[in-house]
Asker: 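Sharing a structure with you now.
Residue indices begin at 1 and follow the sequence shown. Note that ligands are numbered from 1 as they come in the structure, with each ligand's atoms numbered from 1 the same way.
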Amino acid sequence: MGRTFNRTLVEVVEGDITKIEVDAIVNAANSKLRGGGGVDGAIHRAGGPSILDECKKHDGCPTGESIATTAGDLPARYVIHTVGPVWYGGDRAEADMLASCYFSSLARAVDRGCKSVSFPSISTGVYRYPFDDASRVALSSIRDFCARDTSIERILLVAYGAKDAGRYSEILEEFE
Ligand code: AR6
């Protein structure tokens, strides 16, 4: 499933984000930037130790913000580490922080001259953000970014499993 936001193609794909070739892979990291489980663990395992070496040059990353490092052995030029919010029920500015993850990651990708970017579904695993709500926030933030900046040609929303891919595609289809 794909559609165009302004001049950028936005597609939902199912699979392991570490296997997909793009200029920049976004990582759902934590604020310490020292690796972890979930997609973060998969990215560090597949990319090798040079990613952690570069993360260590940073004194962490606040929630909602993003930093770029090498992609090591991954089929990409950069990993963009962003820190999603933990879901506490929705009254602690979770949506604003999640929107900021997508927006700031795309800004980092543009800084580095990237034309294609892949995102996992940030915060919807260990951080418990409800998947449908998170997908709407992601798409709204991406649409806002693409309205202002046309330099990214392709954005891949990588869903882990057929159920998430199906829901994400339905939400993308409904999206205004
Ligand atoms: N490819 C694509 N998506 C994946 C992959 C993969 N290889 N593996 C998991 N997902 P999570 P969070 C999906 O928990 O909720 C880490 O320990 C998964 O199904 O990775 O932002 C960090 O260090 C889910 O939909 O990230 C942090 O401490 C989505 O990726 C914390 O978890 C995000 O799940 C961040 O939690």
Asker: Looking only at protein heavy atoms, which one is nearest to atom 17 (O) of ligand 1, and how far off is it?
Answerer: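 Ranked first by proximity to atom 17 (O) of ligand 1 is G37 N, 2.7 Å.
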
Asker: On a heavy-atom basis, I'd like to know which of Y129, Y168, Y127, Y160 is closest to atom 31 (C) of ligand 1.
Answerer: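 Answer by nearest heavy atom: Y127.
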
Asker: Evaluate R128 for polar contact with ligand 1, using N/O atom pairs at a separation under 3.5 Å.
Answerer: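 By distance alone, the answer is no.
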
Asker: Which residue holds the protein heavy atom closest to atom 14 (O) of ligand 1, what is that atom called, and what is the gap in Å?
Answerer: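 The closest heavy atom on the protein side is V126 N, 2.8 Å.
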
Asker: Between F131 and ligand 1, does any nitrogen or oxygen pair lie at a separation below 3.5 Å?
Answerer: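 N/O-N/O distance below 3.5 Å does not exist for this pair.
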
Asker: Taking only heavy atoms of G15, which atoms of ligand 1 are found under 4.0 Å from at least one of them?
Answerer: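 Contacts of ligand 1 toward G15, numbered from 1: 1 (N), 2 (C).
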
Asker: Considering only the protein, which heavy-atom contact is closest to atom 1 (N) of ligand 1, and what is its distance?
Answerer: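 For atom 1 (N) of ligand 1, the nearest protein heavy atom comes out as I17 N, 3.0 Å.
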
Asker: Under a 4.0 angstrom heavy-atom cut-off, which atoms of ligand 1 come close to A28?
Answerer: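 The list of qualifying atoms is 21 (O), 22 (C), 26 (O), 35 (C).
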
Asker: For atom 25 (O) of ligand 1, which protein heavy atom lies nearest, and how many Å away is it?
Answerer: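 Protein heavy atom at minimum distance: T124 OG1, 2.8 Å.
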
Asker: Can you tell me how far CD1 of I122 sits from CG of L157, rounded to the nearest 0.5 angstrom?
Answerer: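 The CG atom of L157 sits 9.5 Å away from the CD1 atom of I122.
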
Asker: What is the distance from atom CD1 of I171 to atom CZ of F131, rounded to the nearest 0.5 Å?
Answerer: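 Taking CD1 in I171 and CZ in F131, the distance rounds to 6.5 Å.
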
Asker: Give the intermediate values and the outcome of side chain to side chain contact (heavy atoms under 4.5 Å, CB included) for residues C55 and H44.
Answerer: CA-CA 11 Å; C55 283; H44 280 278; 4.2 Å; yes

Asker: Could you give the distance from OG (S100) to CG (D96), rounded to the nearest 0.5 Å?
Answerer: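 Result: 8.5 Å between the selected atoms.
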
Asker: So which protein heavy atom does atom 33 (C) of ligand 1 come closest to, and at what separation?
Answerer: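 Ranking protein heavy atoms by distance from atom 33 (C) of ligand 1, first comes S121 O, 3.2 Å.
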
Asker: In Å and rounded to the nearest 0.5 Å, what is the NE2 to CZ distance from H81 to R34?
Answerer: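 These two atoms lie 10.5 Å from each other.
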
Asker: Is there a heavy atom of T18 sitting under 4.0 angstrom from any atom of ligand 1?
Answerer: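 T18: no contact with ligand 1 (<4.0 Å).
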
Asker: Out of curiosity, L74 CG to I20 CD1, how far, rounded to the nearest 0.5 Å?
Answerer: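 The CD1 atom of I20 is 11.5 Å from CG of L74, to the nearest 0.5 Å.
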
Asker: Considering only non-hydrogen protein atoms, determine which one is nearest to atom 15 (O) of ligand 1 and report residue, atom name and distance to 0.1 Å.
Answerer: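 Result for atom 15 (O) of ligand 1: G125 N, 2.8 Å.
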
Asker: Between F145 and Y102, is the ring centre distance below 6.0 Å?
Answerer: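 So the answer is no for these two rings.
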
Asker: Less than 4.0 Å between a side-chain N and a carboxylate O, is that true for D164 and R167?
Answerer: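 Result for this pair is no, no salt bridge flagged.
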
Asker: Apply side-chain contact (heavy atoms from CB on, under 4.5 Å) to V83 and list each qualifying residue two or more places apart in sequence or on a separate chain.
Answerer: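 If we apply the side-chain contact (heavy atoms from CB on, under 4.5 Å) test to V83, skipping adjacent residues, the hits are S31, C61, T63.
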
Asker: With a cut-off of 4.0 Å, which atoms of ligand 1 are near a heavy atom of D40?
Answerer: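 Those atoms are 22 (C), 23 (O).
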
Asker: So which heavy atom in the protein is nearest atom 30 (O) of ligand 1, and how far is it from that ligand atom?
Answerer: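 Atom 30 (O) of ligand 1 sits closest to the protein heavy atom V39 CB, 4.0 Å.
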
Asker: Can a non-hydrogen atom of G41 be found less than 4.0 Å from any atom of ligand 1?
Answerer: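 No, that is not the case, since the closest heavy atom of the residue is not under 4.0 Å from the ligand.
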
Asker: Atom CZ of residue position R3 - does it have more than 12 heavy atoms of other residues, nucleotides or ligands inside 6.0 Å?
Answerer: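 Count over threshold, so yes.
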
Asker: Taking the side chain as everything from C-beta on, heavy atoms only, tell me whether F175 gets closer than 4.5 Å to E170.
Answerer: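 The answer is no, as the side chains (C-beta and beyond) never meet within the 4.5 Å cut-off.
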
Asker: In the protein, which heavy atom is nearest to atom 7 (N) of ligand 1, and how far is it?
Answerer: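 Answer for atom 7 (N) of ligand 1: D16 OD1, 3.0 Å.
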
Asker: Would you tell me which option among S31, S123, G38 has the nearest heavy-atom contact to atom 12 (P) of ligand 1?
Answerer: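 Heavy atom nearest to atom 12 (P) of ligand 1 belongs to S123.
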
